[in-house]
There are 2 protein chains.
Amino acid sequence: MRISSIEERSFLEKVLKQYKFSDEDSQLLADTLVDADLRGISSHGIQRIAWYTRMIKEGTIVPTNKIKVLRETPTSLLIDANQNMGQIASSYAMDHLIDKAKQVGIAAAVIRNSNHFGTAGYYARKAVKEGLIGIATTNTRPLVVPTNALDAFLGSNAFAFTFPAEPHPFVFDGATSIVSSGKIQVLAKKGEPIPGDWAVDKDRTVDHDAKRVEDNLSKVAFTEEQPGGGVLTLGGNREENSNYKGMGNSIIIELLTGILAQGSISADTNTGKHDFSQFLLTINPNLFGDPEIFKKSATKMFDRIRALKHLPNKDIKIPGDREYKNYAGNLKQGVFIDDETVKELKSVGDEVGVEAPKSIDSTKES
Amino acid sequence: MRISSIEERSFLEKVLKQYKFSDEDSQLLADTLVDADLRGISSHGIQRIAWYTRMIKEGTIVPTNKIKVLRETPTSLLIDANQNMGQIASSYAMDHLIDKAKQVGIAAAVIRNSNHFGTAGYYARKAVKEGLIGIATTNTRPLVVPTNALDAFLGSNAFAFTFPAEPHPFVFDGATSIVSSGKIQVLAKKGEPIPGDWAVDKDRTVDHDAKRVEDNLSKVAFTEEQPGGGVLTLGGNREENSNYKGMGNSIIIELLTGILAQGSISADTNTGKHDFSQFLLTINPNLFGDPEIFKKSATKMFDRIRALKHLPNKDIKIPGDREYKNYAGNLKQGVFIDDETVKELKSVGDEVGVEAPKSIDSTKES
């Protein structure tokens with residue numbers, strides 16, 4: 001079914017305030033989830049609220065904690081998220097990196113002791129709105145099997161990169177692994193099979209059953225059980241197809257997040273405290289020339305790529321095209337919510353006395 | 001066959017001086033090629049000298065030109081390579097970025113009007129030798145077909161990333177595409193088939209015949225002919241396996257190189273002047289804590305990954321493991337050179353009156 005993003009936002013803000021997030025933090029957190037749903041990234045939208053709720057209850061997320069700036073230089077920030085949501089520290093950090101990049105050209109932040117931060121794209125888009133190149137990354141629960149390995153160890157480790165262009169910026173935003181676990185969750189909720197070679201079992205045999213994979217991943221990522229298997233690196237199952245490059249990309253994020261933050265690496269976040277880390281970077285293109293020229297030449301390159309000869313019945317999309325198209329559409333028609341999530345929202349709302357979005361009870365379409 | 005790296009270096013330096021490179025530049029260029037061969041990256045070793053020779057003859061590379069620093073700030077450098085080899089500008093740039101990162105923490109360089117720069121890893125390793133995180137990238141000839149496209153447009157766009165560790169640093173160094181064209185060249189020279197799904201023909205059907213693919217790529221990348229087909233992005237032939245993420249990685253390099261340099265994008269380097277661009281970045285980890293702690297925790301993570309349960313008869317390698325092992329071995333046993341390259345070296349040497357490495361005429365083994 002679909003609900004209006006206005007209703008969605010209002011519901012989320014009310015629930016989050018009940019969890020004792022400050023008004024400002026509740027607005028920010030709601031905005032990151034609504035923004036993901038508007039862009040068609042359901043895996044990072046309102047469906048996450050049930051998970052956030054569980055983590056608040058078990059004390060992994062502490063909504064009343066304030067972030068701490070541990071170290072600051074003209075080009076850098078080291079921040080302790082203080083076990084609150086990753087959105088709060090990351091949004092603060094990117095706002096300050098933008099100021100720094102405007103002054104000195106380049107700046108980076110490392111965030112420790114953090115939690116899930118929504119989509120990486122949210123922060124990289126903050127930078128590009130100011131005409132800057134933006135990078136945002138996070139580590140995650142352990143989900144990904146390295147090349148030739150039988151056990152998951154690496155996170156799906158999201159990576160976002162933005163660059164100014166027209167009619168919308170270039171926004172690359174996704175897991176460094178072949179897919180995020182959220183994408184498998186969404187298929188499992190819908191009862192649909194996995195269309196590609198995304199995950200393997202304990203013998204490293206590809207499994208296309210989303211429900212079975214999701215059940216396995218919930219043990220792999222959230223318990224000390226080591227049932228084996230997990231999500232593949234970009235490049236798939238075979239070393240001959242350079243899946244070690246996908247592993248390399250994933251490891252790079254581990255180094256920039258868990259290692260530089262002196263926090264947990266993804267492999268050690270399956271039990272106990274969550275302890276994610278984030279890394280953000282901005283570059284001011286004016287270090288190298290006129291930003292308007294860069295924007296024009298990037299736009300021209302993207303138009304040429306979109307216009308290349310292509311397979312029949314397919315098109316060529318530049319990263320960001322789908323998101324911005326979804327955004328415009330979903331703002332009008334409302335965001336899509338699957339049946340499983342509808343149930344979860346009712347239960348979450350009931351528990352804290354917040355009424356579920358009205359359209360949830362009235363409409364029934366998908 | 002194998003020749004000693006000392007002989008290789010001496011031969012290359014003599015040839016390069018004959019081409020009118022300065023003594024210092026000849027030593028640097030020879031070092032980058034010998035270094036690649038020692039690390040087992042034959043695709044970027046001495047086999048490139050025949051190609052360099054052709055480009056010097058046709059005026060694409062101008063060995064006597066000096067690089068120009070166009071713009072400098074405490075965090076950045078914009079350099080004109082002045083149509084000389086990419087190695088010269090990139091080595092200069094990374095040396096200066098290292099100084100800057102020691103002073104202000106982060107620094108980046110863009111290089112325009114450049115040529116091939118050898119392996120990206122060469123510059124990223126310069127940074128890591130100084131305890132810094134190093135990044136080096138370049139665009140290339142157009143070789144890579146975007147997701148769903150039938151024509152090549154993107155470069156294979158090398159990317160290197162280094163991070164301090166023991167017993168050797170983490171060194172990720174490779175094409176952002178599924179493989180570099182050099183890897184296909186090496187198979188074609190050996191008469192071996194392509195072991196994975198690396199390249200497609202004009203209908204986007206995978207082709208495993210290295211010779212046929214190489215013949216096609218030489219038209220795709222070096223002429224105005226548009227025969228169709230090319231190398232795949234990381235992720236392979238199918239959109240369902242997220243090959244658009246591989247495309248995203250390739251486009252990111254296009255943006256950081258050709259676009260920021262106001263030079264050619266890869267698509268426009270197939271004819272006329274070469275005009276590659278490079279982007280380099282260094283981060284001083286001491287912005288975020290004690291570098292010795294980072295090195296220890298990275299080392300520990302790598303050891304844990306290497307020790308994971310794995311497929312029988314396979315092992316798990318961290319990026320850099322293979323290179324450093326090759327380096328130690330090849331320093332003793334000499335670097336491997338295929339028969340086709342042996343012929344090319346003789347012809348290159350004959351033309352400028354430099355004797356081919358002696359072992360080429362005496363030994364015959366592989």
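In what follows, chains carry the letters A, B, and so on, assigned in the order in which the sequence lines appear, proteins first and then strands, with residues in each chain numbered from 1. In this text, all values refer to a predicted model and were calculated from it rather than measured experimentally.
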Chain B heavy atoms under 4.5 Å from [X]: which part of the residue, side chain, backbone, both or neither?
X      : answer
A/F288 : both
A/T162 : neither
A/I283 : side chain
A/N284 : neither
A/L234 : both
A/K202 : neither
A/R322 : side chain
A/I178 : both
A/L281 : side chain
A/L308 : side chain
A/P319 : side chain
A/D203 : backbone
A/F294 : both
A/E72  : neither

Any idea which of [options] has the most non-hydrogen atom pairs under 4.5 angstrom with chain B?
options                        : value
A/L311, A/L77, A/T147, A/V145  : A/L311
A/I259, A/L70, A/V110          : A/I259
A/D315, A/I106, A/I252, A/D290 : A/I252
A/T233, A/L256, A/N243         : A/L256

Within-4.5 Å side-chain heavy-atom neighbours: [X] and [Y]:
X      : Y      : value
B/F159 : B/I135 : yes
A/R204 : A/L232 : yes
B/N237 : B/D197 : no
B/F163 : A/I251 : no
B/V200 : B/T205 : no
A/P142 : A/T269 : yes

Between [X] and chain A, with a heavy-atom cut-off of 4.5 Å, which part of the residue counts as in contact: side chain, backbone, both or neither?
X      : value
B/K183 : side chain
B/N286 : backbone
B/L154 : side chain
B/N249 : both

Closest-packed option against chain A by number of heavy-atom pairs under 4.5 Å, given [options]:
options                        : result
B/A107, B/G105, B/G235         : B/G235
B/A165, B/G246, B/A175, B/A109 : B/A175
B/V104, B/L78, B/L260, B/I305  : B/L260
B/A298, B/G228, B/S76, B/P74   : B/S76
B/I133, B/L255, B/T73, B/D151  : B/L255
B/R238, B/K317, B/Q262         : B/Q262

Value rounded to 0.5 Å, distance of CZ in B/F302 from CD1 in B/I316: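 Rounded to the nearest 0.5 Å, the CZ-CD1 separation comes to 14.0 Å.
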
Working for side-chain contact (heavy atoms from CB on, under 4.5 Å), residues A/F279 and A/I111: CA-CA 6 Å; A/F279 175 87; A/I111 298 164; over 6 Å; no

Parallel, tilted or perpendicular: ring planes of A/F170 versus A/F161, cut at 30 and 60 degrees: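 Ring orientation, 0 to 90° scale: perpendicular.
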
Taking [X] for the side chain and [Y] for the main chain, is one N or O donor matched with an acceptor at less than 3.5 Å?
X      : Y      : value
B/T137 : B/I253 : no
B/H310 : A/L150 : no
A/N157 : A/S250 : yes
A/E254 : A/S266 : yes
B/R306 : B/I318 : no

Test side-chain contact (heavy atoms from CB on, under 4.5 Å) applied to B/F172 and A/K245, step by step: CA-CA 8 Å; B/F172 181 87; A/K245 294 191 184 189; 4.3 Å; yes

Working for side-chain contact (heavy atoms from CB on, under 4.5 Å), residues B/F153 and B/I265: CA-CA 9 Å; B/F153 187 94; B/I265 58 174; 3.7 Å; yes

